Each structure stands twice: as C-alpha cells, then as structure tokens.
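Taking it in order: structure first as structure tokens, then the write-up.
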Amino acid sequence: MDEGLRSELSKQGVFTTTLEELYNWGRRSSVWPLNFGLACCAIEMIAASMARFDIARFGAEVFRPSPRQADLMIVAGTVTKKMAPQVVRLFNQMPEPKYVIAMGACAISGGPFKQGYNVLKGIDRYLPVDVHIPGCPPRPEALLHALMTLQQKIAAQRLTGPERPPHARDDAPAEFPVPQYGPYDLNPPHNPEVWQPAAVVRDEA
Amino acid sequence: MKPELDEDALIGALSTGEVEPEGLVAGPAPALATLPPPRGFELTPKSPAASAADGEVLEVAMGPHHPSTHGVFRMDVVLDGERVLRLKPVFGYLHRNHEKIAERTTYLASMPYTDRLDYFCSLTNNWAYALAVERLAGIGVPERAEYLRVITAELTRLLNHSCLIGFLLHDMGTMGTPLMYAFREREKILDLFEALTGARMMCNYMRFGGCRVDAPAGWLDQVRQVVDDFPRFLEEFENLITTNEILLARSQGVGVLPAALAISASVTGPMLRASGVDYDLRKVDGYGFYPRFEFRVPLGDHGDVYDRYMVRVLEMRESLHILHQALRDIPDGPVLDPKAKLRNFRPKPGEAYGRLEAPKGELGFYLISDGGPNPYRYRVRPPSLINLTILEDMCRGHTVADAVVILGSVDIVLGEVDR
C-alpha cells in the first residue's frame with residue numbers, strides 16, 4: 001500500500017493495515033517465554049523480568065511453566081549432555097510458531113566450560129536459534145536487546161511466498177530429533193538439518 | 001559428657017555414637033523417637049489410611065524442567081495420593097566439569113570458574129578459593145584487603161538471603177511480590193559490585209594475597225548508603241510476611257530437621273543453625289578478621305521451614321551489624337600483598353583445605369599441589385549438595401506442595417550442587 005495514501009488516511013482517522021502486519025504485530029507484542037532456566041544466565045533472565053528492567057514493557061513478562069503455552073525458549077545457561085535431550089524435547093512440545101534465544105556464552109558455544117567432557121558445545125547443534133546473546137552472563141539489557149531483535153525478525157516475516165517462516169510451510173520439520181546418550185557421546189552429535197560443522201574450503205589453484 | 005573437645009572432634013564422635021547429641025545442642029534437643037526411620041529407598045510401611053488405596057502408588061519425576069526446582073534438579077517422588085512416600089534426588093543435569101577443568105589450568109585461571117559455582121555468591125566463592133591457595137602457599141593478606149573481603153562477603157550474604165526468601169515465598173505461591181522486593185535490593189548491591197569489580201554477577205575479585213583492585217573513590221560511602229537503607233527494606237519485608245497467616249500455616253512444623261540428624265548428615269549453614277546447633281565458621285574458625293567484629297549467631301528452636309526463614313532474616317540483621325563495624329574501621333593501605341606472585345605461580349608440594357561460612361553453609365576447597373603450575377587435585381565441598389542429601393528425610397510424609405517449600409528452604413544453587 002502506498003505510504004502517502006496511508007498517512008493521508010491516518011490523518012482522517014482511518015487506520016489501514018495488512019493482514020500480515022496485523023498478524024505479526026500481535027505475535028511480536030506478546031511473546032511468551034518458557035519459564036526455563038538452566039544456570040547462571042537464568043538469574044539474569046529473572047532479573048530482566050523484575051521491576052528494574054521490566055521485560056513487561058515488551059509484552060514478554062508472561063513466563064509460562066508449560067511448553068504448551070510458550071512461544072519463545074530462552075536457553076539461559078550451560079546445556080550439559082545430560083540435559084540436552086530434555087531441552088530438545090521441550091522445544092518439540094512447544095506449539096508453532098516458536099523461537100529460540102541462546103542466552104550466554106555457554107548456550108552459544110559451551111563458553112568457559114567448552115573443554116568439559118559433559119558440556120554441549122552450543123545448543124544450535126540441535127535447535128534453530130534465532131538470536132544469540134554473547135556474555136557470561138549477559139546483562140538484562142542484552143536480553144531486552146535480543147528480544148527487540150527477535151521482534152524485528154517476527155515483524156519482517158512474510159505470510160506467503162517462498163520466504164515464509166517454518167510454521168507456514170509444509171516441508172519444514174514438525175519436530176527435531178531428540179538426541180540420546182550413546183556409548184561415547186550424544187547420538188546424533190548434531191542435527192545436520194540445523195547445523196553443519198564449518199567446512200574448510202581449499203583453493204584448488 | 002560435656003563438650004570440652006573442639007567441635008570437629010565432637011561431630012566425628014557423634015556420628016560414631018560415642019557422644020549423646022544433647023551435649024552439643026543449644027536448644028532443647030528433639031526426642032530420638034521423632035527421628036524419621038532409617039534412610040533407604042525401600043517402601044516405608046503404609047499408614048492405615050494409605051492401605052485403603054492400596055496399589056495406587058504413583059511415581060512422578062519432578063524435574064529437571066520444573067518451575068519449583070530452582071534450576072535443573074530432579075526429584076523422583078513416590079506418592080500415595082498427595083503424600084510423599086519416597087523421594088530420590090537426581091543430580092548431574094548441570095555437571096560442568098569444574099573440578100577437572102581446574103586441575104588442568106593454572107591456579108589463578110580457576111578463579112573465574114569459582115564465580116560460576118554458586119552464582120548468587122561469587123565473592124564468597126572467590127574468597128574460599130583464595131583462602132585455600134593462601135594456606136597452601138603461605139601468603140599473607142594486607143589489612144585493607146581483609147576488610148574489603150569482609151564487606152563484600154557480608155553484602156553477598158544480604159543479597160543471597162533476601163533473594164532466597166523471595167524464592168521461598170514464590171514457591172508458596174506469592175507470585176512474585178516478595179521476589180520483586182528482594183530483587184530491588186539485589187540490584188542496589190549488584191551496582192556496588194559492578195563499581196568495585198566491573199561485573200554484576202561474576203566478580204572475579206579476589207587474588208591470592210589480597211584483592212584485585214582497590215575500591216574506587218566514594219565507593220565506601222555508597223556502601224554505607226545501601227547499608228543504612230537496608231533495615232527499611234527488612235522491616236517492610238518482615239511486616240509484609242513474617243506474621244503472614246499463610247506463611248505460618250505453610251512453614252511451621254513443616255520439614256523438621258532434628259539437630260542430631262543435621263549433625264550426622266554434616267549439614268551446615270543456616271539450615272544447621274535453624275535446628276539449634278551453634279556452629280558458625282565465622283566464630284569457629286575465625287578466618288579473615290571476623291574475630292574483630294561483634295556479632296551474634298541466630299539459632300532456631302524447631303528446625304522447621306519457618307525457623308530456617310527466620311534465621312536468615314536475623315542473619316541479615318547481624319550482617320548489617322558487621323558491615324557497620326567494617327565500614328567504620330577500614331584502614332588505608334595496599335590491597336595486594338607486594339610479595340604475592342600472580343604470574344608463574346607454583347606453590348610447594350603439599351595440601352590445604354580452605355573453608356568459610358558461605359551464605360549457604362560451609363564452602364571448602366581442598367587442594368593438593370605437586371609443585372606444578374596447576375593443582376594435582378582440586379575438590380570443592382559444596383554446601384548446597386550436602387544440605388540436599390537429607391531432603392528425603394525432611395519430605396517424607398508431607399504433601400508434594402510441602403516438598404516444594406522444603407526444597408526452597410534448603411537454599412540450593414545447581415551450579416554448586418552439580419559443579
């Protein structure tokens with residue numbers, strides 16, 4: 001729709017929108033996170049929901065204990081190999097459309113505990129992460145910034161066409177394979193649909 | 001037999017049955033008949049009421065994702081109706097290999113990892129580790145650094161106890177109001193930590209032989225401001241909840257921990273003192289400059305959830321008392337021993353155990369050095385884990401909703417339980 005016409009109409013008291021904008025506005029203004037803390041970052045996540053930082057300003061204060069009612073999983077803390085299957089299972093239980101924020105160095109890559117034998121080297125090996133927040137732990141402001149980034153991402157999603165998000169596509173996976181702890185390590189070690197190890201590209205010439 | 005022995009020997013003797021617990025217990029000792037039956041995971045005999053519903057025992061795994069478990073902790077409970085018959089704690093969902101990583105890095109490089117043990121109280125973790133290494137290498141600490149350590153440790157205690165009470169009431173269903181109040185105070189203390197150390201939570205402040213940096217100009221006045229304002233918060237908090245009827249009903253007589261059981265399970269910290277045992281490492285060990293300060297150790301009578309709550313409230317008042325004295329007496333001077341070696345630090349072969357009264361209990365670090373740049377063996381004695389081992393004894397016979405409250409009153413942090 002023409003922007004000039006739209007601003008002219010708004011001066012006349014007529015509000016115009018598209019279905020897509022209205023739908024995305026509603027979704028991005030009431031992102032309900034899963035009440036799910038793993039480690040240190042969870043305390044900063046709680047701090048972000050308290051009076052000083054007040055995540056309610058962004059419509060995301062309704063922390064739901066049940067994955068069935070949540071839109072957003074904030075992976076706040078170190079994911080160990082014992083916990084990784086449960087994290088993936090919780091994500092599978094969330095209804096579409098759903099989003100993931102990887103909060104903190106541990107959730108991104110294993111962080112300071114990356115050398116540990118029991119630490120998963122980043123939750124993006126199993127889940128499609130939308131926003132990564134660096135920091136150990138990130139400040140609550142960083143979580144708010146990640147939420148705003150996610151809101152921009154939601155607002156830019158198209159309902160139709162080849163660019164449409166996974167929940168509007170038939171070919172997107174309905175759920176992600178839950179890893180099992182095998183004889184040596186988690187099996188599979190990563191989900192190839194979501195994450196591929198960095199390939200070394202050599203120049204032949 | 002009267003305790004002329006030191007406390008450690010007494011506790012050792014007690015667990016072998018040589019000494020009657022009455023000699024050690026400050027309050028009236030509980031009758032041994034009220035002790036729960038011996039521990040174990042076989043089914044306890046059912047009460048007559050329970051036998052009516054025979055065959056309807058339900059096994060539930062509470063956690064690892066459960067809003068009341070304070071992190072990733074699992075309780076495998078066996079229920080008869082709503083009564084807890086058995087409870088098996090399952091740990092390890094946050095096992096981050098802290099000890100093995102520390103054995104492969106230098107002594108100083110483990111200091112930031114200790115922040116992440118009990119992530120509410122990074123400064124007391126730092127101090128306990130620094131104490132162990134200072135004992136191992138025989139390093140002295142300047143006077144101003146000792147005062148700064150006491151000030152930061154007591155601020156940590158205020159922060160931990162106020163947040164814990166907030167979480168405990170959250171578990172009882174207050175839906176956030178006390179937690180909001182507690183986090184408001186926490187932010188004030190975190191601002192102080194940020195001004196002093198540069199980080200809100202992961203302070204990494206202590207060094208072997210002192211502290212990393214001196215307090216910035218005006219910092220002590222800011223602390224004084226916060227400490228002077230804190231009683232107002234405490235009174236508001238106590239007016240709100242201490243005599244609240246729901247709190248009384250939910251916490252009095254719930255999760256009773258007898259003193260004899262607490263001692264034989266080596267429970268420490270506010271949980272032990274709530275059971276009436278006068279054992280505070282600040283008095284017993286007198287580490288740091290604590291013998292210079294005047295403070296009392298609050299004790300409970302019944303060892304129930306309410307006593308644990310009340311002991312923590314009173315401890316906060318005593319912490320304020322210590323802080324006033326420390327802020328009055330703090331001298332000028334260096335904050336790091338000039339002979340302390342930060343680079344290429346290799347202590348002589350030997351072993352050392354450093355412990356202190358962390359807000360959750362006795363936090364100890366045990367180190368063995370083989371003369372190399374990294375410890376040969378590194379072990380943490382986490383108060384949360386050891387206080388958690390008697391969870392079943394406290395929860396048996398109570399309802400699931402009470403088990404949640406009892407777990408909340410233990411004060412666990414999973415980073416320290418699983419390490």
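Within every chain, numbering begins at 1; the chains are lettered A, B, ... in the order of the sequence lines, protein sequences first and strands thereafter. This one's a predicted model, so the numbers in the text were calculated from it and none came from an experiment.
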note = Cut-off 4.5 Å, heavy atoms of chain B, and the answer for F53(A) is side chain

key: Interface moiety of E194(B) toward chain A, non-hydrogen atoms closer than 4.5 Å   = side chain

key: Portion of R186(B) that has a non-hydrogen atom of chain A nearer than 4.5 angstrom   = side chain

task = Taking atom types as modelled, find out whether R27(A) and Q157(A) have a side-chain donor-acceptor pair closer than 3.5 angstrom.
result = yes

task = Identify which part of A42(A) has an atom lying under 4.5 Å from any heavy atom of chain B, answering side chain, backbone, both or neither.
result = neither

request  = Indicate yes or no for a side-chain donor-acceptor contact from E103(B) to the backbone of Y378(B) under 3.5 Å, with no hydrogens or angles considered.
outcome  = yes

message = Counting only non-hydrogen atoms closer than 4.5 Å, can you tell me which residues of residues 87-98 of chain A sit against chain B?
response = L90(A)

query = Any ion pair linking E44(A) and R139(A) (charged N to carboxylate O, less than 4.0 Å)?
reply = no

ask   = Listed by residue number, which members of residues 407-419 of chain B have a heavy atom under 4.5 Å from any heavy atom of chain A?
value = none

Test item: side-chain donor near acceptor, K360(B) and N160(B), under 3.5 Å = yes

note = Given P65(A), S49(A), A39(A), the one with more heavy-atom pairs under 4.5 angstrom with chain B than any other is A39(A)

ask   = Do you know which of P67(A), A84(A), A47(A), A51(A) has the most heavy-atom pairs with chain B at a distance under 4.5 angstrom?
value = A47(A)

ask   = Any side-chain heavy atom of L190(B) sitting closer than 4.5 Å to one from L159(B)?
value = yes

query = Looking at R200(B) and E141(A), does any basic side-chain N land under 4.0 Å from a carboxylate oxygen?
reply = no

inquiry  = Can a donor-acceptor pair be found, under 3.5 Å and without considering hydrogens, that links the side chain of R250(B) to the backbone of A401(B)?
reply    = yes

task = Please flag which part of R184(B) lies under 4.5 Å from any non-hydrogen atom of chain A: side chain, backbone, both or neither.
result = neither

request  = Please flag which part of M201(B) lies under 4.5 Å from any non-hydrogen atom of chain A: side chain, backbone, both or neither.
outcome  = side chain

message = Taking side chain as everything from C-beta outward and backbone as N, CA, C, O, which of these in F183(B) sits under 4.5 Å from a heavy atom of chain A? Side chain, backbone, both or neither.
response = side chain

message = Is any side-chain heavy atom of W32(A) closer than 4.5 Å to one of L72(A)?
response = no

task = Answer with side chain, backbone, both or neither: which region of P140(A) has an atom nearer than 4.5 Å to a non-hydrogen atom of chain B?
result = side chain

query = Hey, do the aromatic rings of F208(B) and Y129(B) have their centres closer than 6.0 Å?
reply = yes

query = Does any heavy atom of chain A fall under 4.5 Å from the side chain of Y181(B), the backbone, both, or neither of them?
reply = neither

key: Flag, side chain of R169(A) to backbone of R164(A), donor-acceptor distance under 3.5 Å   = yes

request  = Quick one: sort the Y107(B) and F345(B) rings into parallel, tilted or perpendicular, breaks at 30° and 60°.
outcome  = perpendicular

key: Expected output: side-chain W195(A) to main-chain Y126(A) donor-acceptor under 3.5 Å   = no

inquiry  = Between N126(B) and D115(B), is there a side-chain donor-acceptor contact under 3.5 Å, judged purely by atom types and distance?
reply    = yes

ask   = What option among M180(B), E187(B), R96(B) has the most heavy-atom pairs under 4.5 Å with chain A?
value = R96(B)

query = Do the non-hydrogen side-chain atoms of I165(B) and M316(B) ever get within less than 4.5 Å of each other?
reply = yes

key: H95(B) and Y117(A) aromatic centres sub-6.0 Å   = yes

query = Any idea which of N35(A), L34(A), T78(A) has the most non-hydrogen atom pairs under 4.5 angstrom with chain B?
reply = T78(A)

ask   = If only atom types and distance count, is the side chain of R116(B) paired as donor or acceptor with the main-chain N or O of P112(B) below 3.5 Å?
value = yes

task = Examine whether an atom of F73(B) lies under 4.5 Å from a heavy atom of chain A, and if so say whether it belongs to the side chain, the backbone or both; otherwise answer neither.
result = neither

